[in-house]
Trainee: 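Have a look at the structure that comes next, please.
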Amino acid sequence: MKMKFYKYQGTGNDFVMVDNRTKIFPKQNTDKISQICDRNFGVGADGIILIENDTEFDFKMIYFNADGSETFCGNGGRCAVAFAKQLGLVENKTNFIAFDGTHYAEIENNIVSLQMIDVDDIQVKENSVFAFTGTQHHVQLVDSLDNYPVFENGKKIRYSYENPGSNVNFVEQINNTTFRVRTYEKGVENETLACGTGVTAVAIAMHKTNKTKSNLISLPVEGGNLEVSFTEENGLYKNVFLKGPATFVFFGEINL
Ligand SMILES: N[C@@H](CCC[C@H](N)C(=O)O)C(=O)O
């Protein structure tokens, strides 16, 4: 059977998007998911996103990492909004449901501002911070990101957390409101060009540990620039928004 797909990217975090309103996609088939995401034998992507109908919300977003594991993805959420708009499911504002709960988003041209879950699970450790921003994130400041062994150290730290492990973000402070980030993503098991839930964790971790007093943070990543804003009250981070580009790349058809 043939299946249409659409390729999107958000600051270089790339996804195969499928309109699964007819339930065509074999969700249980993790080998198929890995094969589609394989950069040599498939379309090539960091993950797959399915858009499905929902009775209460504009749509349901389902995210699988390239290894078939299911979780939430921030850049994927932004791309899902752009794709839902392309499908005619939403206009410029939407409420949708995903793995970690409900999300509100706004889209203008190809810039998507996505509301993330409220963040209260933040653990400050000696040299790092752990934060749950829809998925698990380790955040660690390093002196210079350019030559930093993101893959080697990221992989070690990723498995130092109990199942399902953690994504790992290495951070360099540029100024009072700007933090450069490189991320090792679990489920992709490699460095990706950007991670939305990752930069969200970084912004909150930097605020929590007093590296910044700002509640609007710029986050240059390998694939572009992201922005995170929030309000903070008694250690609870609310009104958390992740903003950046979400871009359609091409469409095609594959054999299922
Ligand atoms: N790239 C994503 C995060 C995707 C999920 C992550 N690999 C995990 O398994 O937690 C993002 O933009 O948030």
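Numbering of ligands and ligand atoms starts at 1, following listing order. For the single chain, residues carry numbers from 1 onward in sequence order.
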Trainee: Using the six-membered ring wherever Trp is involved, compare the ring planes of F248 and Y6 and label them parallel, tilted or perpendicular (cut-offs 30° and 60°).
Mentor: tilted

Trainee: Say whether S229 and N215, considering side chains only, have a donor N or O and an acceptor N or O under 3.5 Å apart.
Mentor: no

Trainee: Regarding E191 and R182, does a basic nitrogen lie under 4.0 Å from an acidic carboxylate oxygen?
Mentor: yes

Trainee: Out of the candidates V18, D19, N255, N20, only one should pair with M3 under the side-chain contact (heavy atoms from CB on, under 4.5 Å) rule; please name it.
Mentor: V18

Trainee: For ligand 1, list the protein residues that place a heavy atom within a distance below 4.0 Å of one of its atoms, sorted by chain and number.
Mentor: N13, Y63, N65, T71, F72, C73, G74, N75, T135, N167, E185, K186, C195, G196, T197

Trainee: Taking only Lys NZ, Arg NE, NH1 and NH2, and the carboxylate oxygens of Asp or Glu, determine whether R158 and E189 approach each other closer than 4.0 Å.
Mentor: yes

Trainee: List the residues meeting side-chain contact (heavy atoms from CB on, under 4.5 Å) with T94, not counting sequence neighbours, and say none if there are none.
Mentor: D58, F59, V81, V90, F96, A105

